[in-house]
Amino acid sequence: MASRSCTNLLGLANSGLLDFPSTPSPRPLPRVMTVAGIISDLDSSNDADSDAASSVCRDRKIIVANILPLHAKKDTETGKWCFSFDEDSLLLQLKDGFSSETEVIYVGSLKTEIDVNEQDEVAQTLLEDFNCVPTFLPHDVHKKFYLGFCKQQLWPLFHYMLPICPDHGDRFDRSLWQAYVSANRIFADKVMEVINPDDDFVWVHDYHLMILPTFLRKRFYRVKLGFFLHSPFPSSEIYRTLPVRDEILRGLLNCDLIGFHTFDYARHFLSCCSRMLGLDYESKRGHIGLDYFGRTVYIKILPVGVHMGRLESFLNSSATAAKIKEIQERFSGKKLILGVDDMDIFKGISLKLLAIEQLLQQNPALQGNVVLVQIVNPARGLGKDVQEAKSETYLTAERINEAYGSSNYKPVILIDSPIPRWEKTAYYAVAECCIVNAVRDGMNLVPYKYVVCRQGTPCMDKALGIEADTPRTSMLVVSEFIGCSPSLSGAIRVNPWDIDAVADALNLALTMCMSEKKLRHEKHYRYVSSHDVAYWARSFMQDLERACQDHYNKRCWGIGLGLGFRVVSLSPNFKKLAIEHIVSAYKRTTRRAIFLDYDGTVVSQASIMKSPSPEVISTINSLCNDPKNTVYIVSGRGRSSLSEWFAPCDRLGIAAEHGYFIRSSGTSEWETSPVVADLDWKEIVEPVMTLYTEATDGSTIEVKESALVWHHQDADPDFGSCQAKELLDHLENVLSNEPVVVKRGQHIVEVKPQGVSKGLVAEKVLLRMVEEGTAPDFVMCIGDDRSDEDMFESILSTVSSPSLPAPPEIFACTVGRKPSKAKYYLDDATDVVKLLEGLATASVPKPRHLAQIQVSFESALSSTNVPAKIVTGFVSNAVSMAMKSIWSLKPTTKTAITGRPLMKFESGYNVETVFDGSKLGIEPYSVEVLPNGELLILDSANSNLYRISSSLSLYSRPRLVAGSAEGYSGHVDGKPREARMNHPKGITVDDRGNIYIADTANMAIRKLSDAGVTTIAGGKWGRGGGHVDGPSEDAKFSDDFDVVYIGSSCSLLVIDRGNRAIREIQLHFDDCAYQYGTGFPLGIAMLLGAGFFGYMLALLQRRVGTIVSSQNDLAPEKTSFTASAYQKPPKSVRPPLIPTEDEPEKQEEGFFGSIGKLLVNTGTAGMEILGAVFPGFRRKPPLDYQYQNLQQQKHLNTWPVQESFNIPDEDEPPSIETRTPTPRKTYAFMSKDAEKLQQLRQSRAFYNGWDDDLQQQKQQQQQQQHQHHQQQQHHNMYHSSVPHTYYEQNEEKTNEVVFGAVQEHDRRRQTVIIKPVDYGAPMFDHHNIRSRINSMGFNNN
């Protein structure tokens, strides 16, 4: 018989149930992380504005499903696609559970196939108008994905149908699975295009996308991800037959929250996780949680509801009212039973028809009075099983109608065509009973809709012709195997396979009294109306927010390959213990305490041989032999086995049975815990454990001297876990008055005395060291299980006590990445052994042969007299030098590598820490220098980039350039402080100062410039990494590469280690030649500059040559020339220092005039340079000009003489030599050596090109100058090597500055008047007054 239980459902629809708080918008994440002792840099005003804007930005939810909630239709006239929302879609209706400010984006496929040429336009339209992102799957992929793997593999399996033979299901096809993976990857790519991983919530729906979470989690470690399964989840016995079971399980576990309709489905999933992945679950404050590599994956159990407003709108429709009247007239006087199902083998339509046949056969009175209206929705899949189910349904209905029907009566009416919603609503409102007879279904909403429609509305009451206060009734007959069955406690639950029970349930529903029908209906309506689709969506999203609230409180690592990827989430201070780090601390300390667990730490748990290897014994023995160490093995094993295994280690301390027995060395006696003296409780515990051992196959009892342990690791996981719970409760009850502790561990239940733990062992050893005056300055503790957590906690509390003079360096380390009280971790026992070997190597003293020899000789010297000391010192030095020579010899042949490192140190260097990132939460990975001298620090572990002044010190505080102070990772471009990277491993800077980052985890190259952070290559990880060249958006890299900027080629070199290749990216010209920002070419500027400096150099060369000539030409012998009477005095090129009265005042030269002269002189210099290089460019003067010029040069100097002044002989000029001469630097061309000067002048191109006549003429001038010098000896003239000045006495004297000399006043007020010498006066032709001639252009030698 069917169950009529109606008392198991709590009254949930009270007055407060509907008062749901609105979904709060997510709190914006802080941009600046405050570290103790550090004042964070305040953001700029723009950042503050952006923060303020972000705080009020719309909350966003991304809904991902196989099908978008859209209707698509192509206009035949225009050829364009027309889209509209599907108001009946559950995905669209769940928006009511979110706040009005929430933005919902849908990602999924369309129901119709879109041509490739139209996909871009359609995608743009859907995104702008409907907030939908379509995933256009290729036709073959979609066919294998949906019709193949989903409908032929997952759907039957999840509904408990196994492919026992080819006629009853398709066998596993690897190609269909690959299509499933490809489709999920495409969906993930579309999500990545629109997601903001720090703020958005992603909600994935149903079994079509069960591995999509893996792709999203691999890209964004902290993505907020939820999944809801709308189908059943099979038991572990069924699910384990799937060849890809682990991949799908791990895909679901990459979510933060997994939702199921019923506890049965959730229980099956948890059982699969326990049996296949070894994961245990526990209830945390009413929520079921799985601990998955440090992340807590929560389980949500809540069936979906219906949209009340949508149903009421159909009830108030005029079309519905008209249809109701039509149905009442058609089935007047008959009782209507309604069934609404898809044409599917699991809906049980044929079983339902057989139950109707049985009902009519057992109750002849109902013949002619009962009608079953079966509405058949179109099948969602294809295959022969659907055709067989359809054929069977029609044959059964036809047989029933022939047997029990008549010309005006058919007991079974099949409606096998699509009908509108309002018509279904009319049938719901009229039917007295609704039957859902599915053999397996995830969540069937037909009963919910039926209850709401039977409640009715005023408009429907008017159509039915009933009063508003008329009692409402409804009767439900539902299968036990559908998702809504547990929530409908007032329904009649049946086993669909039991035809008789279903027939009896239908008869009961039709004949039940009105009062009971009313009570059942009221209970159902209270639940359905309060648990609608909005409540379901709101409740799921609230739980998802709670599950993600700790995302940024932990550090994340990605491990695993392919679909086995998962994220390890641990405390920010939880780091892997580096051997170099602990060895460095080990060498600095002198009093060390070392505590080691045994099983799972020194020896692997999976090892068959539980005894330690010879390598482990040798390593531990080396540690023990160091007098600075105190080493203990702290284990739960018995003392006999531990004593036997570690017998070679005489100085090793052992704590057996969690510290119940302890000894400090191999020669000392065992000490027993003084806390426990009575072990009589064993007589109570052992019989109870024996009872459970006999009842649990695979369990054993381990008997210790101080404890009893029940093991169930070899038993059935579910049964063993259940028995362990029972045993724990049983023992706690019978031992409530005994001084023991009952604990449950990993696959064990242990009973041990109170006051015995590993933590007490560590505390006892540390306090003993303090009492002996050897307080430890180094404490290391390594363990792997829960009992070792007591040791970690005890060490931390003990070393913080005031009894220790100074806190030691503590290295608490657990084995395996898991939540722990330890600060460090190691991956496995192999890493532990390597660590111990490193410490043992540091304990072995290095030989010092030379030092020993030196000490021996020094001791000999101290006991001898002085002569002996001298001899001994000589011998000591000789021996030392010989030893050094022998030590430095290099063999000519290859020899075996010894233990001594062949190193040669160069002294004079010092190592100093100038930046300590450990105090700031920064882990420097790479450093780069900016053009302005500042340093860039790349923090790969936290995905951040910092900038710091080049003058580093321990007080330097870096500034965050890009990333987030909280260490968030991801792939987000935009503003530097809002950008996200994913553990970058390379950095370089171009000439402009742009920063290029090798974002390895994202397989992208990012550019940080004034415009923000952009991706210039790669980044499409979702499509798979690889070695693909081409445009930026199509290029692909491996997950291990670095970047180097090459300024000469204006490019980036990508060292793609994963692909064993070097790739090149050509950069923009502006990034390399930033000095061209004004648009003026650098080459032209350099050419003009070179021309200008060349011109100035030529002028300098001419001036210096003139100075040299003037100095060397003033030889002791001076001559003069006789000027002709008709010859005019030569015009001086140099202006007089004191202008004459007749000379007009010169106008200052203007700016443009100077520029003009500069350009003319530059052109002249350029022509001279071109003339020297290319003779054809040499400008030749006219012949007449040359001849006249040569004639003039015979009598005139090319550098005209300077105007001279004379003064009477009575007054002598002030001495010029008394002034300190200006230091002059001697150059090669200033040499006094005539031969060198001749060579220098001949080497100059300036003196080339003159004929021999000029040479002869110059020789004559030299002779004349010699005669003139002899005649001038009679005159008392003052001259020097500098240009000469002659003075003439005048009547007046005054203070006058003449070449820096000051003339004193005399009594007669006579002044010295300086007059220019008139060389044209006749006196110069007869009195042989000396004139200075400076030669330029002639060779006077």
Side-chain angles (χ1 to χ4, degrees), residues 62 64 107 135 177-178 180-198 200-204 208-227 244 246-258 277 290 292-297 547-548 551-552 554-570 817 940-943 967-973 980-985 998-1006 1015 1018-1028 1036-1041 1058-1059:
I62 300 178
V64 190
V107 179
T135 55
W177 164 249
Q178 293 173 354
Y180 184 83
V181 174
S182 300
N184 277 254
R185 187 189 299 273
I186 294 174
F187 275 81
D189 289 342
K190 291 298 181 181
V191 175
M192 294 174 193
E193 291 178 3
V194 297
I195 189 176
N196 180 3
D198 293 336
D200 296 347
F201 289 86
V202 182
W203 190 357
V204 185
H208 312 90
L209 306 172
M210 287 194 294
I211 62 173
L212 182 145
T214 296
F215 296 114
L216 289 181
R217 185 68 65 184
K218 192 170 186 179
R219 184 63 177 274
F220 308 113
Y221 289 171
R222 295 181 174 90
V223 64
K224 303 171 184 178
L225 186 56
F227 181 91
V244 290
D246 289 349
E247 289 84 347
I248 292 178
L249 278 183
R250 293 190 184 277
L252 294 177
L253 289 173
N254 277 319
C255 298
D256 297 299
L257 179 66
I258 307 173
L277 302 179
L290 276 166
Y292 186 60
F293 290 93
R295 292 175 50 250
T296 300
V297 182
C548 301
H551 271 193
Y552 298 101
K554 297 181 179 181
R555 298 181 64 183
C556 299
W557 294 269
I559 60 174
L561 300 175
L563 297 177
F565 176 84
R566 59 266 191 199
V567 170
V568 178
S569 180
L570 301 173
R817 298 185 184 184
S940 176
N942 296 312
S943 303
Y968 306 155
S969 61
H971 190 174
V972 180
D973 293 332
R980 298 292 181 267
M981 300 173 287
N982 198 349
H983 303 292
K985 295 295 179 63
D999 197 350
T1000 52
N1002 288 324
M1003 301 182 186
I1005 297 177
R1006 318 282 293 280
T1015 300
K1020 290 192 174 182
W1021 179 90
R1023 303 181 186 275
H1027 187 179
V1028 179
K1036 295 183 180 180
F1037 305 94
S1038 68
D1039 57 356
D1040 184 12
F1041 64 92
N1059 292 320

Separation between [atom1] of [X] and [atom2] of [Y], rounded to the nearest 0.5 Å:
| X | Y | atom1 | atom2 | result |
| --- | --- | --- | --- | --- |
| Arg250 | Phe565 | CZ | CZ | 12.0 Å |
| Arg217 | Leu253 | CZ | CG | 11.0 Å |
| Tyr221 | Arg295 | OH | CZ | 12.5 Å |
| Trp177 | Ile248 | CH2 | CD1 | 5.0 Å |
| Ile62 | Lys224 | CD1 | NZ | 11.5 Å |
| Lys554 | Thr296 | NZ | OG1 | 5.5 Å |

Any side-chain heavy atom of Thr214 within less than 4.5 Å of one from Glu247?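 No - every pair of side-chain heavy atoms lies 4.5 Å or more apart.
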
Mind checking whether Leu212 and Phe227 have side chains closer than 4.5 Å, heavy atoms only?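 SC-SC contact between Leu212 and Phe227 ruled out.
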
Heavy-atom closest pair, residues [X] and [Y]:
| X | Y | answer |
| --- | --- | --- |
| Cys255 | Gly226 | SG-C, 4.5 Å |
| Asn1002 | Arg219 | OD1-NE, 3.5 Å |
| Asn254 | Leu225 | O-CD2, 3.9 Å |
| Met1003 | Phe1037 | SD-O, 3.5 Å |
| Phe215 | Met192 | O-CE, 3.5 Å |
| Cys548 | Asp256 | SG-OD2, 3.4 Å |

Applying side chain to side chain contact (heavy atoms under 4.5 Å, CB included) between Ile211 and each of Leu249, Leu252, Val181, report the one that passes.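 Result for side chain to side chain contact (heavy atoms under 4.5 Å, CB included) with Ile211: Val181.
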
So does His983 get a backbone contact from the side chain of Thr1000, meaning a donor-acceptor N/O pair under 3.5 Å?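 Answer holds: yes.
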
Answer yes or no: is there an ion pair linking [X] with [Y], defined by an N-O contact shorter than 4.0 Å?
| X | Y | value |
| --- | --- | --- |
| Arg1006 | Asp973 | yes |
| Asp999 | Arg980 | no |
| Arg222 | Asp198 | no |

Worked verdict on Ile559 versus Phe293 for side-chain contact (heavy atoms from CB on, under 4.5 Å): CA-CA 10 Å; Ile559 60 174; Phe293 290 93; 4.1 Å; yes

